[in-house]
Amino acid sequence: MKRENVRFAACAMAAVITFSGMNLSVYAAETETVSSVLPSAGIDYSISTSTNSTSLSDIKEDVEREASSDLTASTAEIAVRGKTEIPIGGMLESNTQSTVSDKKIERTIVISEGYTKDLREASNAARLKEEEEGFKSLVIAKVNDYVNVRSMPSEDGEILGKLYDKSVGTFIEETDGWYKISSGSVEGYVKAEYCVTGDDAVEHARAVGTRIATVTTTTLYVREQPGTDAPIVGMVPIEDQLIVTEELDGWLKVNIEEGDGYISMDYVTLSTEFVKAESKAEEEARLAKERAAREAAQEAARKKAAERAASSGSPSSESAGTKTYAPPSDNASGQAVVDYALQFVGNPYVYGGTSLTNGADCSGFVMSVYNNFGVSLPHSSAADRNVGAAVNGIENAQPGDIVCYSGHVGIYAGNGQIVHASTSKTGIIVSNATYRSILSIRRIF
């Protein structure tokens with residue numbers, strides 16, 4: 001029969017595999033145990049069987065060789081019933097086969113969890129070292145606003161773009177107190193006195209960079225502690241992005257609306273976000289795009305208002321149960337958005353929901369409020385970070401602006417507050433806008 005090689009992948013999860021209907025490729029004496037077969041690999045291995053085979057000496061050499069080189073998995077269990085052919089230690093030569101009866105046979109392979117931990121720790125250490133070396137090559141701006149990127153190492157050089165505070169570029173060379181950098185689409189010179197690089201950039205990079213975990217599974221559980229047995233704090237949908245505050249052994253500490261929690265590294269991709277330089281052409285294009293987006297949103301709101309007027313003659317109130325809701329104002333403004341949204345305070349939070357009366361989640365609430373003004377927004381708190389125009393800081397926010405957090409989003413209501421679909425316990429509420437760290441603020445109207 002064809003020989004099969006079993007290779008256990010590094011950091012594999014526990015698996016239970018059942019084989020049947022084949023020949024058992026193992027010599028084993030009646031009720032003999034062989035925990036001493038794999039001492040060098042640190043593996044507990046046992047076989048119990050009711051066959052009348054001879055000894056294990058013929059396979060010991062193959063087992064030890066394969067175990068020392070290939071078995072780098074986490075706990076695995078193999079239960080064998082009936083006639084089975086299965087290699088031990090990753091491979092068993094075909095000339096060592098022995099056919100056994102259909103009597104019940106059970107074997108268990110337990111591979112030390114220490115291997116998984118050691119491998120993960122080694123991988124993390126290598127990653128951190130590589131990351132640190134990469135940070136040393138960064139040039140990070142430390143200014144109140146921005147430093148100009150010029151065409152030559154002199155203030156007489158043409159201004160090619162701006163490197164904003166905490167923004168980064170890649171170091172190319174140093175000339176007379178100027179750093180030549182590459183950042184985004186810009187390559188030019190910045191004054192060294194306004195930036196840090198080398199060893200000074202390492203810790204600063206960790207402070208200014210935003211460590212982001214992007215969810216890759218349909219629904220990701222956030223748990224109270226790192227472990228699959230820990231209670232669930234909340235849930236996060238696919239493609240949402242969470243700020244990572246701590247990296248542990250296979251787990252990440254993140255912050256969601258319900259509070260701090262832990263997610264498995266297996267279901268996210270990790271990245272570090274830095275702000276890059278913006279060229280003059282990119283700045284002009286961005287401002288033009290933002291103006292066009294605002295105009296389009298205002299036009300959509302006017303059309304929506306005209307449609308309502310045409311269909312009913314005049315705006316009318318809406319009822320849901322015993323509560324009555326006023327229709328959206330025909331005024332396409334952020335304040336009109338807030339006035340409409342505040343009516344739904346007290347209504348329930350429902351994960352994945354978009355109903356302002358029966359339940360919505362955070363992005364579903366924002367999406368549905370703006371939809372009543374003719375503006376189409378994504379059902380994703382991460383995607384909301386890129387809509388409309390950027391607002392620099394909560395001090396510059398206006399009513400109706402979208403305030404984005406790690407895994408959450410709300411509508412700025414003015415006076416330092418937001419209205420948002422918070423959690424299943426609180427529903428739609430009004431909170432202080434700065435109750436959590438703000439990732440970005442976006443303006444629609």
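From a predicted model like this one, the values you see are computed outputs, not experimental measurements.
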Report task. Show your reasoning for whether side chain to side chain contact (heavy atoms under 4.5 Å, CB included) applies to E155 and W178. Result -> CA-CA 10 Å; E155 291 184 0; W178 292 76; 4.1 Å; yes
Requested in this report: Let me see the working for H420 and I411 under side chain to side chain contact (heavy atoms under 4.5 Å, CB included), right down to the final yes or no.
Outcome: CA-CA 6 Å; H420 58 136; I411 298 173; over 6 Å; no
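- Checking S380 against E239 by side-chain atom types alone, no donor-acceptor pair falls below 3.5 Å.
- For T423 (side chain) and T426 (main-chain N/O), a donor-acceptor pair under 3.5 Å exists by modelled atom type.
- Interatomic distance, Y221 OH to S264 OG, rounded to the nearest 0.5 Å: 13.5 Å.
- Without hydrogens or angle criteria, E283 side chain to E278 main chain gives no donor-acceptor distance under 3.5 Å.
- Distance alone, capped at 3.5 Å, is enough to place a donor-acceptor pair between the T216 side chain and the Y267 backbone.
- By the 30° and 60° cut-offs, the orientation of the rings of F373 relative to Y340 is perpendicular.
- The shortest distance between side-chain heavy atoms of F445 and R294 does not fall below 4.5 Å.
- The main-chain N or O of V168 is found under 3.5 Å from a side-chain atom of S183 such that the two form a donor-acceptor pair.
- Not one N or O on the side chain of S167 forms a donor-acceptor pair closer than 3.5 Å with the backbone of L163.
- Under a cut-off of 6.0 angstrom, the local environment of OH in Y351 is crowded, with over 12 non-hydrogen atoms contributed by other residues, nucleotides or ligands.
- Counting only N and O atoms by type, the side chains of T357 and N347 include no donor and acceptor under 3.5 Å apart.
- No side-chain heavy atom of V350 sits less than 4.5 Å from a side-chain heavy atom of S355.
- Here the side chain of R442 pairs a donor or acceptor atom with the backbone of G388 at under 3.5 angstrom.
- Under a 3.5 Å cut-off, the side chain of Y412 and the backbone N or O of G416 do form a donor-acceptor pair.
- Using a 4.5 Å cut-off on side-chain heavy atoms (C-beta onward), M367 and T354 make contact.
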Query raised in the report: When you look at E247 and L270, which way does the side chain to side chain contact (heavy atoms under 4.5 Å, CB included) test go after all the steps?
Result: CA-CA 10 Å; E247 297 183 38; L270 280 172; 4.1 Å; yes
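- Contact between S137 and T197 at its shortest, heavy atoms only, is C-OG1, 4.5 Å.
- Looking only at distances, no side-chain donor or acceptor of S182 sits under 3.5 Å from a matching main-chain atom of T170.
- Of the inter-residue distances, the one linking I441 atom CD1 with I418 atom CD1 reads 10.5 Å to the nearest 0.5 angstrom.
- Under the 3.5 Å distance criterion, the side-chain polar atoms of D361 are matched with a main-chain donor or acceptor of G352.
- Counting heavy-atom neighbours within 6.0 Å of N396 CG, excluding the residue itself, gives a total above 12.
- Closest approach of P378 and V387 over heavy atoms only: CD-CG1, 3.8 Å.
- Residues F274 and L138 are in side-chain contact: their nearest non-hydrogen atoms beyond the backbone lie under 4.5 Å apart.
- Shortest non-hydrogen contact noted between A382 and D240 is N-OD1, 3.6 Å.
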Report task. Determine, stepwise, if the pair R436 / E257 fulfils side chain to side chain contact (heavy atoms under 4.5 Å, CB included). Result -> CA-CA 9 Å; R436 294 172 60 194; E257 177 61 15; 3.2 Å; yes
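- Between G400 and V338 the shortest heavy-atom distance is N-CG2, 3.3 Å.
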Requested in this report: Could you go through the salt bridge (charged side-chain N to carboxylate O under 4.0 Å, His left out) check for R286 and E290 one step at a time?
Outcome: CA-CA 6 Å; R286 173 177 59 81; E290 291 176 353; 3.6 Å; yes
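- Here CZ of R150 is found 9.0 Å from CG of L160. Values are rounded to the nearest 0.5 Å.
- Residue D260 places its CG atom among more than 12 non-hydrogen atoms of other residues, nucleotides or ligands, all under 6.0 Å distant.
- The shortest distance between side-chain heavy atoms of Q417 and N432 falls below 4.5 Å.
- Contact annotation: the side chain of V196 never approaches that of Y179 to less than 4.5 Å [non-hydrogen atoms, C-beta and beyond].
- Between I256 and H408 there is no side-chain heavy-atom pair separated by less than 4.5 Å.
- A centroid separation of less than 6.0 Å is found between the aromatic rings of Y405 and Y435.
- Across every non-hydrogen atom of V345 and K323, the tightest pair is O-NZ, 3.6 Å.
- Side-chain contact annotation: N331 with S329, donor-acceptor N/O pair under 3.5 Å absent.
- Using a 4.0 Å cut-off between charged nitrogen and carboxylate oxygen, E258 and K425 do not count as a salt-bridge pair.
- A salt bridge links R302 with E299: at least one charged nitrogen is closer than 4.0 Å to a carboxylate oxygen.
- Here the straight-line distance linking atom OH of Y262 with atom CG of L252 works out to 11.0 Å at 0.5 Å rounding.
- The existence of a salt bridge linking R308 and D330 is confirmed by a sub-4.0 Å separation between a basic side-chain nitrogen and an acidic carboxylate oxygen.
- Using a 4.5 Å heavy-atom cutoff, the side chains of Y164 and D145 are in contact.
- The CD1 atom of I181 sits 13.0 Å away from the CD atom of E174 when rounded to the nearest 0.5 Å.
- K304 approaches N372 most closely through the heavy-atom pair CG-O, 3.6 Å.
- With S406 contributing its side chain and N255 its backbone, the two residues share a donor-acceptor pair below 3.5 Å.
- In this structure, the separation between CG on N144 and CG on D165 is 7.5 Å, given to the nearest 0.5 Å.
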